[in-house]
Amino acid sequence: MKCRALVFAVAMVVAAPIVVFAQPAEMPQGIMWQSLLGSTVVYSKSGDLSLTGFERLTAVFLPPAQSNTVYPYNPSDGGKFWAILSTADGTELARYDFWAQERPAPYWVVDDAWVTDLATGERAEGGRVPVEPGQYTLDYFLESGRFYTFAFSVERLDSDDPFQPQTFWFANGPWRDWGALTYADADPNSTLHWTIFLRNRGREASRDVQVELAVTRDSDGAAVCSTRSGMSWSLMREWRNHRFELVGPGGRLFRAGDLLARDGAYTLRMAIDGETYGTWRFEVAGGQLQHSGRAVRGAVDPLEFIEGGPDQWWHIREETGQAPATTPAADGPAEEAVAPAGDTPPAAAVGEAAPPPQIIAGATPVTINGHTMVPLRSVFEWLGAEVKWIPQAL
């Protein structure tokens with residue numbers, strides 16, 4: 001435990017300041033949504049689930065707890081804070097007991113977890129448990145009872161390359177649909193950002209893509225802000241948090257106050273490699289960004305509330321429940337496509353449309369001076385023809 005205390009002391013020195021809630025009395029316990037999406041990771045090559053993945057799980061408004069260590073919540077002598085992983089039929093698979101400390105109030109940050117395989121009663125190696133294709137639920141508990149629920153699914157995909165057979169696992173769920181407008185310390189003079197989780201659903205470990213964002217005002221269709229053009233982003237197979245800086249006309253940094261100065265409804269559209277990825281709608285009223293849907297405090301069951309804190313405004317994709325017209329690189333690039341193994345992937349079982357028709361790798365149409373062109377080499381090779389470059393023919 002001395003090692004844990006030293007790590008904590010160093011972390012406190014280098015940690016960035018955190019905006020603190022204006023805390024009303026009796027605030028219900030919850031989990032910061034960005035931390036939940038970032039810490040819940042299904043590793044694509046092993047199919048293992050971790051709850052201490054790429055971001056630290058952060059809970060809010062937990063009751064005080066006592067321990068002889070720097071972790072008031074811990075599975076040994078402190079308060080108890082844990083999660084149970086269950087299948088769709090209610091079978092409990094694993095228990096995650098958390099080591100958490102407050103820094104600063106009301107945030108409780110998880111630094112580690114002891115993971116127990118409930119089928120064997122043994123500690124899981126490396127804090128991970130293997131998951132098979134199917135639907136899952138994570139229920140989060142305190143000694144007072146369950147206080148949060150998170151549902152997701154897992155699909156297994158086998159490579160269609162006969163020379164390099166591989167199996168990959170991918171998590172599906174809220175990562176695809178939720179994005180947030182954010183600005184540092186809730187200060188209107190700070191730059192406005194768009195935060196969203198993206199991934200590369202393919203054989204390659206990473207893939208570079210072009211991401212374009214544009215915000216327009218609904219009343220007159222006027223362009224408000226966008227991302228800088230020509231920016232490239234690297235996407236991994238696992239869902240990762242990406243934060244996009246928004247700029248106004250002329251490329252100047254777009255302050256949050258520039259948006260808040262005019263009440264009304266707005267639309268954010270996002271494209272990846274030129275293909276529509278999603279649409280999010282939001283509203284400014286009384287000079288403030290408005291929460292919507294599950295992010296409205298007190299309007300939904302606390303078990304499902306989207307907690308963004310004082311400086312994140314989360315919104316759900318308009319196309320939720322519908323398959324996009326095309327499959328962009330971020331969620332299944334054509335040239336890295338993989339075929340499902342065995343049963344239909346879980347996503348199809350919850351009402352999504354059938355997969356899009358096969359797309360020829362490398363044959364993405366491009367428009368030049370008003371003319372749409374398609375690279376023919378990829379088309380001919382897909383048909384089985386052998387294509388050679390003969391410079392003497394020029």
Side-chain angles (χ1 to χ4, degrees), residues 1-41 49-85 94-116 127 138-150 174 180 182 185-186 195 241 294-295 297-298 300-312 314:
M1 295 314 300
K2 290 182 179 179
C3 179
R4 293 182 185 276
L6 177 60
V7 171
F8 169 60
V10 173
M12 285 296 290
V13 172
V14 300
I18 301 177
V19 180
V20 178
F21 287 86
Q23 181 175 347
E26 301 300 325
M27 288 290 282
Q29 292 87 36
I31 295 181
M32 298 298 293
W33 187 242
Q34 178 178 314
S35 80
L36 181 59
L37 297 180
S39 63
T40 308
V41 177
L49 172 69
S50 171
L51 300 191
T52 54
F54 303 128
E55 297 190 29
R56 291 182 176 180
L57 183 70
T58 302
V60 289
F61 307 119
L62 302 189
Q66 298 294 325
S67 168
N68 292 321
T69 75
V70 296
Y71 293 89
Y73 281 94
N74 72 71
S76 296
D77 68 346
K80 301 301 179 279
F81 170 25
W82 73 96
I84 298 292
L85 173 68
R95 173 171 170 142
Y96 297 75
D97 286 285
F98 300 122
W99 297 77
Q101 56 186 317
E102 191 173 26
R103 51 181 191 193
Y107 300 91
W108 289 84
V109 178
V110 171
D111 285 335
D112 198 3
W114 283 357
V115 185
T116 303
L138 281 164
D139 289 303
Y140 289 83
F141 293 87
L142 296 169
E143 291 169 283
S144 58
R146 180 174 59 134
F147 73 95
Y148 203 77
T149 294
F150 180 75
T182 70
D185 302 330
T195 293
N241 179 27
R294 287 172 56 193
R297 191 179 300 280
V300 296
D301 188 331
L303 295 176
E304 300 180 348
F305 174 60
I306 303 296
E307 178 65 82
D311 57 357
Q312 294 184 347
W314 289 91

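Remember, it's a predicted structure, so these values are computed and weren't measured experimentally.
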Tightest non-hydrogen contact, residues P310 and A186, listed as O-CB, 3.6 Å
4.5 Å side-chain heavy-atom contact, F61 and P28: no
About how many Å separate OG1 of T69 and CG of N74, when rounded to the nearest 0.5 Å? 4.5 Å
Hey, are the side chains of R56 and S39 touching, using non-hydrogen atoms and a 4.5 Å cut-off? no
For S50, does its backbone N or O pair with a side-chain atom of T52 as donor and acceptor, under 3.5 Å? no
State, with a plain yes or no, whether a side-chain heavy atom of M27 is found less than 4.5 Å away from one of V60. no
Smallest separation among heavy atoms of W99 and A113, with atom names: CD1-N, 4.2 Å
Here the gap from W33 atom CH2 to E307 atom CD, rounded to the nearest 0.5 Å, amounts to 11.5 Å
Which heavy atom of G78 sits nearest a heavy atom of S67, and at what distance? CA-CB, 3.9 Å
Measure the CH2-CE distance between W314 and M32 for me, rounded to the nearest 0.5 Å. 9.0 Å
S76 vs W114 side-chain heavy atoms within contact, under 4.5 Å: yes
So which heavy atom on P106 is nearest to which on E102, and how close? CA-OE2, 4.2 Å
Return the CG to CG distance between D112 and L51, rounded to the nearest 0.5 Å. 11.5 Å
Hey, could you give me the CH2/CZ distance between W108 and F81, rounded to the nearest 0.5 Å? 10.5 Å
Mind listing the closest non-hydrogen atom pair of P72 and V70 along with its distance? CD-O, 3.2 Å
Can you tell me if N241 uses its side chain to pair, donor with acceptor, with the backbone of G38 under 3.5 Å? no
Donor-acceptor pair, distance only, cut-off 3.5 Å: does the side chain of Y73 make one with the backbone of V110? no
Measure across G127 and V115 and return the closest heavy-atom pair with its distance rounded to 0.1 Å. O-CG2, 3.4 Å
Short question: side chain of R294, backbone of E304 - any donor-acceptor pair under 3.5 Å? yes
Just checking, any donor-acceptor pair under 3.5 angstrom between side chains of D311 and T182? no
Would you mind reporting whether L36 and L57 have side-chain heavy atoms less than 4.5 Å apart? yes
Side chain to side chain, Y148 and Q29, heavy atoms closer than 4.5 Å: no
Measure the CD-CH2 distance between E143 and W82 for me, rounded to the nearest 0.5 Å. 6.5 Å
